[in-house]
Amino acid sequence: MDKVFVAKRVAKKLFETEAAVDGALVEAAELMGEMLKARKDVSTSLVFADDVQVKMMEAMKALSEARTAMVAVHTELNDAKLRLGIRTKMGLEDKPAISAATEAPAMRDVG
């Protein structure tokens, strides 16, 4: 099988995995926000479910570390591509569409 096609297949999975990790991080951050709002909405003290919030922060830290590891994987795979003699650049059309969960919010004027 042609090396370029194999590299594109691996790159497609890499992009999908990177998007999934980013999406999970976004979802976790939104969950944390909802948990903090919920505590306030039911008028409980700061100590209520504090252990849950600590666990949530640990999960977010792990997701952040996974994202950093995926960046390193991306770099290593790019180096491997070059070692294999593949010089083509993947176009944006080869990357999966960014889902609403991972898309950055639009900027707006404040004031």
Side-chain angles (χ1 to χ4, degrees):
M1 185 173 271
D2 187 14
K3 291 188 283 188
V4 173
F5 292 116
V6 173
K8 283 187 176 189
R9 189 180 70 220
V10 171
K12 181 178 184 283
K13 274 298 177 194
L14 172 66
F15 298 145
E16 290 171 356
T17 304
E18 289 171 338
V21 172
D22 277 351
L25 194 51
V26 167
E27 291 295 325
E30 290 174 358
L31 174 57
M32 177 58 100
E34 286 299 322
M35 288 170 36
L36 293 172
K37 287 181 203 170
R39 188 200 50 79
K40 184 178 177 184
D41 290 346
V42 295
S43 301
T44 60
S45 74
L46 285 173
V47 297
F48 180 79
D50 184 61
D51 56 334
V52 174
Q53 292 173 14
V54 168
K55 291 291 184 192
M56 192 66 220
M57 290 304 296
E58 289 173 2
M60 290 175 67
K61 181 178 184 263
L63 287 168
S64 179
E65 290 170 354
R67 187 180 189 287
T68 299
M70 288 309 304
V71 168
V73 167
H74 194 127
T75 300
E76 291 292 327
L77 285 175
N78 190 55
D79 291 346
K81 176 188 78 164
L82 296 175
R83 284 193 312 269
L84 287 171
I86 301 170
R87 303 282 182 233
T88 60
K89 185 118 174 131
M90 298 246 337
L92 292 178
E93 69 277 356
D94 295 321
K95 288 188 178 183
I98 297 174
S99 70
T102 59
E103 201 169 298
M107 300 295 284
R108 61 183 175 87
D109 290 330
V110 178

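No experiment lies behind these values; they were computed from the predicted model shown.
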Rounded at 0.5 Å granularity, tell me how far [atom1] in [X] sits from [atom2] in [Y].
X   : Y   : atom1 : atom2 : answer
L14 : R9  : CG    : CZ    : 13.5 Å
Q53 : K55 : CD    : NZ    : 13.5 Å
E27 : E34 : CD    : CD    : 11.0 Å
K8  : I86 : NZ    : CD1   : 10.5 Å
K61 : L25 : NZ    : CG    : 13.5 Å
L36 : L31 : CG    : CG    : 9.5 Å

**Item:** Check against side chain to side chain contact (heavy atoms under 4.5 Å, CB included), V71 and E18
**Value:** CA-CA 8 Å; V71 168; E18 289 171 338; 5.8 Å; no
**Asked** Should L63 and R67 be marked as a side chain to side chain contact (heavy atoms under 4.5 Å, CB included) after you check the CA-CA gap, both sets of side-chain angles, and the distance that decides it?
**Response** CA-CA 6 Å; L63 287 168; R67 187 180 189 287; over 6 Å; no
**Request:** Apply the test side chain to side chain contact (heavy atoms under 4.5 Å, CB included) to residues D22 and M70: give CA-CA distance (whole Å), side-chain angles for both, the deciding distance (0.1 Å), then the verdict.
**Result:** CA-CA 10 Å; D22 277 351; M70 288 309 304; over 6 Å; no
**Message:** The criterion is side-chain contact (heavy atoms from CB on, under 4.5 Å); which residues satisfy it with D51, sequence neighbours excluded?
**Reply:**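 Partners of D51 under the side-chain contact (heavy atoms from CB on, under 4.5 Å) test: none.
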**Asked** Which residues satisfy the side-chain contact (heavy atoms from CB on, under 4.5 Å) test with M57, sequence neighbours excluded?
**Response** M32, M60
**Request:** Spell out, yes or no, whether V73 and V10 are grouped together once hydrophobic residues are joined by side-chain heavy atoms under 4.5 Å, including indirect joins.
**Result:** yes
**Prompt:** Just by modelled atom types, is the L84 backbone N or O under 3.5 Å from a matching donor or acceptor in the K3 side chain?
**Reply:**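 Pair found, side chain donor or acceptor close to backbone of L84.
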**Asked** Taking T68 for the side chain and S64 for the main chain, is one N or O donor matched with an acceptor at less than 3.5 Å?
**Response** yes
